[in-house]
Each structure stands twice: as C-alpha cells, then as structure tokens.
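Note sheet for the following structure.
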Amino acid sequence: MLTALEQYDPEIYELLRQEAARQSGCIRLIPSENYVSKAVMQASGSCLTNKYAEGYPGKRYYEGQQVTDLIETVAQQRAKKLFKADHANVQPYSGSVANLAAYLALAKPSDTIMGLALPHGGHLTHGWKVSITGKIFNSVQYEVNPDTGRFDYDQIRKLAKKHKPKIIISGCTAYPRQIDFRIFGDIAKEVGACHVSDIAHIAGLVVAGFHPSPVPYADIVSTTTHKTLRGPRGGMLLCKAEYASKVDKSVFPGLQGGPHMHTLTAIAVAMAEADTPEFIAYAKQIVKNAKALAEKLLEYGFNLVSGGTDNHLILIDLRNKNIAGKKFAKALDRARIVTNYNTVPNDPAPPFNPSGLRIGTPAMTTRGMKEEQAQQIAALMNRVAENIDNEAAIEQVAKDVLLLCSQFPVPDHFIIQNNDARPALETQQNSK
Ligand code: DSN
C-alpha cells in the first residue's frame, strides 16, 4: 500500500527514502546527532502541528487550548522532575533561541557577557563575533589552556574580575572533559555576574547522572532536546523560581511567537523516556564507548585534545597526521563514517578547513554498539587515515562499515523513516 507521502509527493518521498538509507547504512559519529524513538517521531509528526498556542498554559492568546494546556503542563513537570529545577520553559525553538532568551532575561544589549570562544569549543551563541550574541552584547571570550586543552579556572576568574561581565556562560560544543559548574557559579558570584549554563551536548548525561548537573550552580540552564537527550530538535530553559517570569517573558513574547506544539509534545515523550533505567544504561554506555574509541585512537597515534574524554565526544587534532580536518571528514564520509571537521584550540588553520575532527558516540550507542564496536570503528577510521588518497581502500572500508551496520540495525523501537529503515539497509547491501 502506498503511503500518503509516496502517493502525493513521490519526489520528496524518494529523497526521504534515500536519507533513511543513509542514516541506516552509515556510522553516525556527529556528537550532536542521534536516532529518536518511534514514540518521539510519532508525537513530532502529530496533529499538534496544526495548533497555535501563543502564551502559556492558562494564559493563551488563541482558543482551543483544552489539550495543549495539558500537554505543555506535562512537559514542564517532566522537565522540572528530570533536571531537578524549580521552573522549566519548554517552548524555545532551538538552543540558539534558548540562549538568547536566557541572556535577555538577565542582561540588556551592550552589557558584557563572557563565554567560551568558538574555536576553543564554545558555541556561536556564547558571544562569538558573527553571532547576534557577539554583536548586541559586549562579548568577552575565554579560552582553554593551550597545553592541556582544559579549562584553566584561575584564568577564567582573572578575566571575569577584569571585565566584570553581567553574565558568565558555561557549557561547550566541543569540550571532551567534565565541566566544573560549581567553580563557574563561584566565579559568577565573586564578580556579581549571573551564571548561564548551556548543557545542550551533555543533557542526557546530566539527567542520567554521568555528568554533574549545573542546576544547583546556575541561574539559568539552557539546553537543546536532541543530542544525548535523544528527543526532537528543540530547546528548553530551566531556572530558579526567582527568574521564572523573566525567562518566560523573554521567550514569549520577547523572542518567539507560537510554540511548536508538535515538537513540545515530542519533548515531553523524550523526557519520559529519559526518566527510565534503560536510558541510564544507555547514557552509561555512551561514555564507555567514547572512552574505548578514544583509547584505541590514541593507540593508532591520533592526538586527542586534552588526551582523551570524560563524556560523549572526542576532538582529534590531526596535525601530526598531516591530514586536514575537512579532507579526513570527507574521506570518512565516503567510507560511511559521518563526522564533522572542527577547529582545535589555537588552530593555525582557518575554521572552514581546520585541523581537527569532532566525533561522538550517542547515535552508535543507540544502535546497540558497545566498546568492541567502538574499537572497530577506531580501526576503520585509522584505515581511512592511512589510505587517505586511496579510493579503493576507502571503498573497502565502506563495505566493512556497511557490514557492521547490518549487524547493528537501528533497534525496532527507534525509527529512521516509516518502515523503510531495514529495507533501506538491505537495498544498500544488495547493491554493493
Ligand atoms: N550545532 C550543534 C553541534 O553540532 O554541536 C551545536 O548547536
């Protein structure tokens, strides 16, 4: 039987089928990507896509909110329980908007904010110059220690004392080590700043107890809802009770219009999933896999920023291998291993062709892969590095990756695209 999409729009249907096949037939190591459950996907593609709900439960600007009010209240309650926070706003469209909303709840344009520089593992929205956060605020950026690849909290304190920012931002997108949120909170207090913590990458590890939580030490915590948390693409803010009203006003009407209720509903489902023993086991395995992958990469002579990992991600400095990050990422992609090229701290190369590669284990762990497969993946990556200009060798790696993928199909309760996931993989295997 043809699906509605297949019948109505065969062109897009076919492209989605191809994407499903791609996600099924490769090892996805981009640390911010994952596979969501069928339940999350179903909520995301539900009738809530049809509903406007500007405002908050009990105080909306449109009628017909009998169900949306209940759903948003459930989502808020689940977020508060999961993150042990006083207040949750589940409406931000993404992490970028969530961050801007957090800053505007606590500071005015032209105030000073202080975050980690993008090339050192921060995020665009932590005050990097090309982002609106680097334009409307007076942005001061801290860096990691060039020798250790880790935070030098004394240096961060010194910089904070010098610039007296209104907001200090903790949190990263390419920092493989644990973050001491307590110290960030202390520094903020010492200089009279607010502390905003962006845990977009590690939220799943935080709720499962494999990374300390910033909630006790930050005024506002911002996160995305996908990545390690394994929900739909969205954002969320958590805060102390005293900031609840400012945060809510900052999101709506400050920055956004109607919340995406279908996404918000899927976030609620993802948080129920994250509040289970299965999710805790999953998060534990993410870290074990990252450590196993890192150890094997070190054995193959790869230099890792900070020497390893404590979380879900690894940052490889490729300079000793004489391979540019982009060239390696593209060769790996041809070998069905999907990564992203990335700057390394104090990178002499430009951001569009940097010296590093960023990888992570959330998606491979969802497929059920464990330490043994993490080590195999390191070996496959090493084969690509050693044969960087040898297309036949890279093609052979691609075949081996496909075999590994067929041994670890995305589990039944996860989904790539309707019922196409496994047929897609089979189709690819047959065509090889
Ligand atoms: N783009 C995300 C990442 O990949 O880390 C951060 O927003």
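Counting convention: from 1, in listed order, for ligands and their atoms alike.
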* To do: Would you sort out whether L264 and E72 count as a side chain to side chain contact (heavy atoms under 4.5 Å, CB included), showing the intermediate values?
  => CA-CA 7 Å; L264 192 156; E72 186 164 352; 3.9 Å; yes

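- Residue contacts with ligand 1: H201 is placed with a nitrogen or oxygen under 3.5 Å of a nitrogen or oxygen of the ligand (distance criterion only).
- Look at D389 and K327 and you find a salt bridge, because one of the NZ, NE, NH1 or NH2 atoms lies within 4.0 Å of a carboxylate O, short of that distance.
- For atom 5 (O) of ligand 1, the nearest protein heavy atom lies closer than 4.0 Å.
- For ligand 1 and R358, the ligand atoms under 4.0 Å from any heavy atom of the residue are 3 (C), 4 (O), 5 (O).
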* To do: Could you check K296 against M381 for side chain to side chain contact (heavy atoms under 4.5 Å, CB included), going step by step and ending with a plain yes or no?
  => CA-CA 10 Å; K296 210 68 191 169; M381 289 178 69; over 6 Å; no

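- Contacts between H226 and ligand 1, counted as non-hydrogen atom pairs separated by less than 4.0 Å, are absent for every part of the residue.
- Looking at T225, its side chain does come within 3.5 Å of a backbone N or O of G234 through a donor-acceptor pair.
- Between L104 and L255 the shortest heavy-atom distance is CD1-CD2, 4.3 Å.
- Of all atoms in ligand 1, numbered sequentially from 1 with element shown, those under 4.0 Å from a heavy atom of H123 are 6 (C), 7 (O).
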